[in-house]
J.: 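Take a look at this one; I'll ask things after.
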Amino acid sequence: MGDANLNSGTYLDINLSKIEENAKRIVERCKPFGIDILGVTKGFTAIPRIVEAMIRGGIDRLADSRMENIISLRKKGFTQSISLLRIPRLSSVKSVVEYADYSVNSELSVIKGLSKAAKAAGKNHKIILMIDVGDLREGVLPEDALDIAKETTALEAITLSGIGTNMGCYGGVLPTIHNLSLLIETAKEVESITGAELEFISGGGTSSLKLIESNEMPAGINQLRIGEGILLGTDTTHDYRIPWLHQDAFLLKTEVIEVKIKPSIPIGKTGRDAFGNIPVFSDNGLRKRAIVALGRQDVNIDGLIPFDPNMIVLGASSDHMVIDITDSEQNIAVGDLITFKLNYQGLLFLCNSKYVSKVFY
Ligand SMILES: *Cc1c(COP(=O)(O)O)cnc(C)c1O
């Protein structure tokens, strides 16, 4: 079923109703806290049917880090508010104001560029000023927030609509009452100094859901930007499977092209592998191995988790992945499909691979 071309032998099974349910559960769980959810579409290259499932689940605002995805959403007729989640390139301000309603920002020169572009287009562009509360990716340091906020509110065709922060991405910093309270305090100072009324205080992504679960989300945060939780039901930063969400909305199936019993150590003098690394093997005797038609051209293999816990991914070159199936109770043969769960990275790669068909159900 679905519209996939299965010639590739490798396809991604996408369960739209599980994605819809995950979205719905997150939206409903955050509502009592006064928190609105931005549905983040970058994890799946903004594939329209998945975006529609999110919307059916109650998401009414979208966000992506890539202008290409945002432009394609607009061209496909999505009229929802869209936020650009990666701070804009100075060279892209014209298209940012044309296609996105909001963008996150941390550089005054870019905000000035957005102002100029918005004015020229007869539009108003909304800015979420990113504050770095410790993760050390994007954002102005809290002590510099007031100055840049003042300059931003003075610009034409620009509205300072909110402040936000990002965590768990670069430095692995976890969202806490402490660092989110710092964000809320900064928001209050920005409001009192600039007179701006901030529409959003945006308190992070999936990793912030933990504070909702534990009832510790500080009052004042009114937006979270959620991708991973909706798609995979996991929270990588906390190494946590969110128990009230589905973890199997995406499953990768790939065809077995060889099954043989072989020694576990290569035979002969060894050099480097196809990627220049020196491989290391441990001797577990003769093992039954399956090769599937999938490789590093398609995915970072660390992003794949065999659905059968008795299978072990041994490694992969560009087009072949080797799996130890000795302990599996399934009698795997050539032509069978092996199923994998994905992590966020695996999902990102697979959605970007033109060799992987997408099947919706
Ligand atoms: C990707 C991204 C998110 C979404 O993060 P998830 O962990 O997928 O929920 C939120 N904010 C920004 C700025 C992002 O780049």
Side-chain angles (χ1 to χ4, degrees), residues 19 22-23 25-27 29-30 35-47 50-51 54 57 59 61-70 81-89 96 100 102-107 110 126-140 161-175 179-180 183 200-213 217 221-242 245-247 249-250 303 342-349 351-352:
I19 294 166
N22 279 354
R25 289 176 192 172
I26 292 172
V27 166
R29 195 128 182 171
C30 291
I35 291 179
D36 197 51
I37 303 297
L38 276 187
V40 176
T41 58
K42 69 176 186 219
F44 55 94
T45 59
I47 294 170
I50 302 177
V51 179
M54 283 182 158
I59 300 281
R61 294 171 178 270
L62 305 173
D64 203 294
S65 52
R66 303 271 169 167
M67 277 315 297
E68 292 83 350
N69 290 347
I70 293 176
S81 134
I82 304 184
S83 302
L84 174 63
L85 287 187
R86 182 168 66 185
I87 47 177
R89 285 172 285 133
V96 174
Y102 297 80
S103 60
V104 306
N105 285 274
S106 64
E107 290 288 351
V110 176
K126 300 185 186 117
I127 301 285
I128 306 291
L129 184 62
M130 291 304 266
I131 313 293
D132 188 338
V133 297
D135 196 51
L136 304 185
R137 201 178 72 180
E138 76 278 34
V140 299
S161 290
I163 72 169
T165 194
N166 193 61
M167 280 172 292
C169 278
Y170 174 77
V173 167
L174 300 174
N179 52 28
L180 287 182
L183 183 70
F200 292 116
I201 305 182
S202 191
T206 296
S207 59
S208 295
L209 288 175
K210 203 91 201 226
L211 291 172
I212 297 276
E213 271 190 356
M217 182 59 82
I221 300 295
N222 66 0
Q223 181 186 76
L224 295 179
R225 311 174 302 266
I226 308 287
E228 184 185 0
I230 297 173
L231 304 168
L232 297 173
T234 52
D235 168 357
T236 301
T237 310
H238 286 100
D239 192 18
Y240 179 55
R241 292 167 53 128
I242 303 170
L245 298 175
H246 298 288
Q247 277 86 39
F250 292 87
L342 311 174
N343 69 16
Y344 204 28
Q345 206 187 31
L347 181 64
L348 275 167
F349 271 87
C351 287
N352 276 298

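Whatever order the structure lists them in is the order used to number ligands and atoms, beginning at 1. Quick caveat: nothing in here was measured; it's all calculated off a predicted structure.
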J.: Just which atoms of ligand 1 are under 4.0 Å from any heavy atom in N166?
T.: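 Selected atoms, number and element: 11 (N), 12 (C), 13 (C).
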J.: Show me which atoms of ligand 1 lie under 4.0 Å from any heavy atom of Y344.
T.: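 It comes down to these atoms of ligand 1: 8 (O).
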J.: Measure the shortest side-chain to side-chain distance between T206 and I230 over non-hydrogen atoms and say whether it is less than 4.5 angstrom.
T.: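 Result no, sub-4.5 Å side-chain heavy-atom pair not found.
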J.: Could you measure the distance from the CZ atom of F44 to the CG atom of L231? Nearest 0.5 Å is fine.
T.: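 The distance works out to 5.5 Å.
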J.: To the nearest 0.5 Å, what is the distance between CG on L129 and OG on S103?
T.: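 So the CG of L129 and the OG of S103 are separated by 10.5 Å.
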J.: Take H246 and R25 through the side chain to side chain contact (heavy atoms under 4.5 Å, CB included) test and state the conclusion after the steps.
T.: CA-CA 10 Å; H246 298 288; R25 289 176 192 172; 3.9 Å; yes
J.: Ignoring hydrogens and angles, state whether a donor on the side chain of E228 or T236 is under 3.5 Å from an acceptor on the partner side chain.
T.: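 Distance-only check passes for E228 and T236.
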J.: State the atoms of ligand 1, each with its element, that fall below the 4.0 Å cut-off from a heavy-atom position in T206.
T.: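 Contacts of ligand 1 toward T206, numbered from 1: 6 (P), 7 (O), 9 (O).
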J.: Any sub-3.5 Å donor-acceptor pair from D135's side-chain atoms to V173's backbone N or O?
T.: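 A pair under 3.5 Å: yes.
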J.: Under 3.5 Å between some N or O of ligand 1 and some N or O of E138?
T.: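 Not met; the criterion fails.
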J.: Hey, is M167 one of the residues with a heavy atom under 4.0 angstrom from ligand 1?
T.: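 Heavy atoms of M167 never come under 4.0 Å of ligand 1.
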J.: Can you list the ligand 1 atoms lying under 4.0 Å from a non-hydrogen atom of L85?
T.: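 That gives atoms 2 (C), 11 (N), 12 (C), 13 (C), 14 (C) of ligand 1.
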J.: What are the atoms of ligand 1, with element, lying closer than 4.0 Å to any heavy atom of I226?
T.: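 Matching atoms, with element in brackets: 9 (O).
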J.: Between N179 and G134, is there a donor-acceptor pair closer than 3.5 Å when you use the side chain of the first and the backbone of the second?
T.: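 Not confirmed, N179 side chain does not pair with G134 backbone.
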J.: Looking only at distance, does G227 have an N or O less than 3.5 Å from an N or O of ligand 1?
T.: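 The answer is yes, given that G227 and ligand 1 share an N or O pair closer than 3.5 Å.
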J.: Please identify which atoms of ligand 1 are closer than 4.0 Å to at least one heavy atom of E228.
T.: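 Close to E228: 6 (P), 8 (O), 9 (O).
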J.: Who gets closest to atom 10 (C) of ligand 1 by heavy atom: R225, R86, R66?
T.: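 The option holding the nearest heavy atom is R225.
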J.: Against heavy atoms of R137, which atoms of ligand 1 measure under 4.0 Å?
T.: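 So the answer, numbered in order with elements, is 13 (C), 15 (O).
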J.: Identify, for atom 2 (C) of ligand 1, the protein heavy atom at the shortest distance, and state residue, atom and that distance.
T.: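 Of the protein heavy atoms, K42 NZ, 2.4 Å lies nearest.
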J.: Side-chain donor-acceptor pair under 3.5 Å between R225 and S202, yes or no?
T.: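 Looking only at side-chain atoms, S202 and R225 do form a donor-acceptor pair, the distance falling under 3.5 Å.
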